[in-house]
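Position 1 is the first residue of the sequence; numbering continues from there. Here the structure is a predicted model, which is why all the values come from computation and not from measurement.
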Amino acid sequence: MNIKEQVLKQLEENRGIFVSGKALADSLFYSRNAVWKAVRSLISEGHKIDAVTNKGYRLSEDDRILTKAGIEKYLTDPAADFKVMVFKETASTNTLLKQYGEENHPEGLIIAADRQTAGKGRSSRSFYSPSDTGIYFSLLLRLKGTAEASLFITTAAAAAVSEGIEKVTGIKTGIKWVNDIIYQGKKIAGILTEASVDMETGGLSYAVLGIGINVSDPEGGFPEEIREIAGSLYGSKPCPGNIRSRLVGEIITIFTGYYKNLSDKKYMDIYRERSVVIGKQAEAYSGKGSFPIKILSIDDDGALIAERENREIIRLNSGEIRLRNIEENTEKNKEKEV
C-alpha cells in the first residue's frame with residue numbers, strides 16, 4: 001500500500017475519531033508533512049476528512065466513498081485474508097475478475113466497483129449500475145467439483161445477501177427464486193455466478209460470484225424501462241456513511257462461511273425462510289414456453305417443487321418464474337435486469 005492507502009486505512013479503522021498527525025506519522029513511519037499531503041490528496045478525491053489543529057484528522061461518519069480499507073474492515077474469519085481491489089468504474093466486475101481467474105490467481109480475490117458501464121445479469125441481460133448509489137462486487141472461487149456445484153454457490157449467496165443486508169441495515173428482504181433479492185415488492189439486488197470448466201477433467205476450473213445491490217435510488221430515479229420493478233434499500237434517501245463498504249465485507253464473510261461447507265446446505269433453511277415464492281401462483285418460463293404453476297416448496301438442491309393446473313407435481317431446477325402479484329411486466333422489462 002502507498003502512503004495514501006495506509007493513511008485512509010488508519011482513518012477508516014478510527015472512523016469518527018480524531019487521530020493526530022504525529023500518531024499517524026509514527027505508526028506509518030512517514031513524516032507529518034507526508035501524512036498531510038496524503039490527507040489533502042484524499043480530500044481532493046472527495047473524502048470527508050476533518051483536519052483540526054491540535055486534534056489531527058478524522059474521517060467523517062458521512063463519508064460514503066466505497067474503499068478497499070472500508071471493505072477490509074468488515075472482512076472477518078473465514079474471509080479475513082481475502083484480497084480487495086476497488087475501482088471507481090469498470091465495465092463489469094465479473095468480466096474483470098474472470099481475467100484473474102484465467103491467470104490462476106488464488107481464491108479469495110474481491111473486485112468491487114462504484115459504477116459498471118456493462119454490468120451483467122442472467123441470460124445475457126444488462127444490470128443497471130449507476131455510480132454512488134449501488135455496490136457491485138465479485139468474488140473469485142476455486143471450487144472442486146462439477147459445474148452443477150455453481151448452482152449451490154448462487155443459492156448460498158442469496159441467503160448471505162439477505163442476511164447481510166439485515167445485519168447491516170436492519171432491513172429484512174425476501175428471496176425470489178433463484179437469485180433476486182426483493183424488498184417492498186421490488187428487486188433490489190441480483191446475483192450472477194459464472195463458472196469455467198476444465199475441459200480435461202470436466203470439473204470446475206474456477207467460479208466468479210457477482211453481486212449487485214441498489215442501496216439508494218439514483219438521482220432522477222431508475223430508467224423508465226425498469227422503474228416498475230427496480231427498488232433500493234433506502235429509496236430516495238442517501239445511505240448512511242460506510243454502509244456500502246460494510247455491506248460488501250459482511251456479505252462476503254457470511255457467504256464464505258456457507259461456501260466452506262457447501263455440502264451441508266445449512267443455507268437452504270435461510271433461503272426457504274426468506275423465500276417470497278413458496279405458496280404463490282406464478283408463471284414458469286422455459287425453452288418450451290410458459291405455463292402457470294403453484295409453488296409448493298424448494299428442495300435441498302434449490303429446485304422448485306410446483307403443481308401444474310392438471311395437479312401434476314413437477315420439479316424445476318432451471319428457468320425463470322414470474323410471480324403474478326409482483327411482476328406484471330411488459331416485454332420491454334424482459335430485456336433488462338436491475
Side-chain angles (χ1 to χ4, degrees), residues 15-16 61-67 70-71 73-76 79 112-114 119 121 127-137 139 154-192 209-219 221-222 226-258 266-280 298 323 325-327 337-338:
R15 180 182 281 253
E61 297 283 8
D62 292 331
D63 188 279
R64 297 185 178 87
I65 297 179
L66 186 69
T67 66
I71 293 171
K73 181 178 179 180
Y74 295 101
L75 286 174
T76 56
D114 182 64
F127 191 101
Y128 182 60
S129 312
S131 61
D132 300 326
T133 59
I135 45 175
Y136 321 102
F137 57 103
L139 172 64
T154 302
T155 306
V161 171
S162 185
E163 282 187 284
I165 288 173
E166 185 172 11
K167 179 179 180 180
V168 174
T169 69
I171 295 171
K172 188 161 185 176
T173 58
I175 301 171
K176 174 181 169 288
W177 188 84
V178 61
N179 65 345
D180 293 342
I181 306 300
I182 304 295
Y183 176 56
Q184 296 182 336
K186 293 190 174 184
K187 177 177 174 180
I188 56 95
I191 300 161
L192 176 66
L209 168 64
I211 297 170
I213 303 174
N214 301 328
V215 182
S216 296
D217 293 353
E219 186 176 353
F222 289 99
I226 60 173
R227 192 164 293 171
E228 294 302 314
I229 59 173
S232 68
L233 291 170
Y234 288 94
S236 60
K237 299 177 182 178
C239 64
N242 67 340
I243 286 292
R244 292 196 301 156
S245 294
R246 186 180 173 192
L247 277 170
V248 177
E250 297 282 11
I251 288 169
I252 286 183
T253 295
I254 294 170
F255 166 78
T256 306
Y258 290 140
K266 290 183 178 179
Y267 48 87
M268 285 307 309
D269 290 336
I270 301 295
Y271 191 91
R272 280 188 285 260
E273 174 195 327
R274 294 170 182 257
S275 171
V276 298
V277 306
I278 295 175
K280 300 293 178 61
I298 299 172
L323 296 181
N325 62 338
I326 290 182
E327 299 173 335
E337 283 200 0
V338 296

Is any side-chain heavy atom of I298 less than 4.5 Å from a side-chain heavy atom of M268?
-> yes
By side chain to side chain contact (heavy atoms under 4.5 Å, CB included) - contacts of E61 (at least two apart) | R15
Going by heavy atoms in the side chains, are F137 and I71 under 4.5 Å from each other?
-> no
When every non-hydrogen atom of Y234 is compared with those of S216, the smallest separation belongs to CB-OG, 3.7 Å
Atom pair NZ (K176) and NZ (K186), whose distance is rounded to the nearest 0.5 Å | 15.5 Å
Considering all heavy atoms, the nearest A157-L209 contact = CB-CD1, 3.7 Å
4.5 Å side-chain heavy-atom contact, V215 and T169 | no
Can you name the side chain to side chain contact (heavy atoms under 4.5 Å, CB included) partners of D114, sequence neighbours left out?
-> K88, S131, D132, R244
By side chain to side chain contact (heavy atoms under 4.5 Å, CB included), which residues pair with I175, not counting sequence neighbours?
-> A158, S162, I181, Y271, R274
I165 side chain near L247 side chain, heavy-atom distance below 4.5 Å = yes
Could you tell me which non-hydrogen atom of Y267 sits nearest to which non-hydrogen atom of A159, and how far apart they are?
-> O-CB, 3.8 Å
Any idea which heavy atoms bring I211 and I213 closest together, and the distance?
-> CG2-CG1, 3.9 Å
Can you name the closest pair of heavy atoms from V161 and A189 and give their distance?
-> CG1-CB, 4.5 Å
Between S236 and D217, does any side-chain donor sit less than 3.5 Å from a side-chain acceptor?
-> no
So which pairs with a foot in residues 234-243 pass salt bridge (Lys or Arg N to Asp or Glu O under 4.0 Å), sequence neighbours left out?
-> none
State, to 0.1 Å, how close G121 and L192 come at their nearest heavy-atom pair, and which atoms those are.
-> O-CD2, 3.8 Å
So how far is it from L66 CG to N242 CG, rounded to the nearest 0.5 Å?
-> 10.5 Å
Which value, rounded to the nearest 0.5 Å, describes the distance between I135 atom CD1 and L233 atom CG?
-> 8.5 Å
Backbone of Y74 reached by a side-chain donor or acceptor of R246 within 3.5 Å | no
First locate atom CH2 of W177, then atom OG1 of T155, and finally report the distance between them rounded to the nearest 0.5 Å.
-> 9.5 Å
Heavy-atom distance under 4.5 Å between the side chains of F222 and N214, does that happen here?
-> yes
Answer whether the closest heavy-atom distance between the side chains of K187 and I229 falls below 4.5 Å.
-> no
Between Y128 (side chain) and G119 (backbone), is there a donor-acceptor pair under 3.5 Å?
-> no
When rounded to the nearest 0.5 angstrom, what distance separates OG1 in T76 from CD1 in I252?
-> 11.5 Å
Any salt bridge (Lys or Arg N to Asp or Glu O under 4.0 Å) involving residues 154-163? Give me the pairs, sequence neighbours left out, ordered by first then second residue.
-> none
Please name all residues satisfying side chain to side chain contact (heavy atoms under 4.5 Å, CB included) with D269, sequence neighbours left out, ordered by chain then number.
-> R272
Donor-acceptor pair, N179 side chain versus I191 backbone, under 3.5 Å?
-> yes
Can you measure from CD (E166) to CD1 (I254) and round to the nearest 0.5 angstrom?
-> 9.5 Å
Looking at side-chain heavy atoms only, is the closest gap between C239 and R64 below 4.5 Å?
-> yes
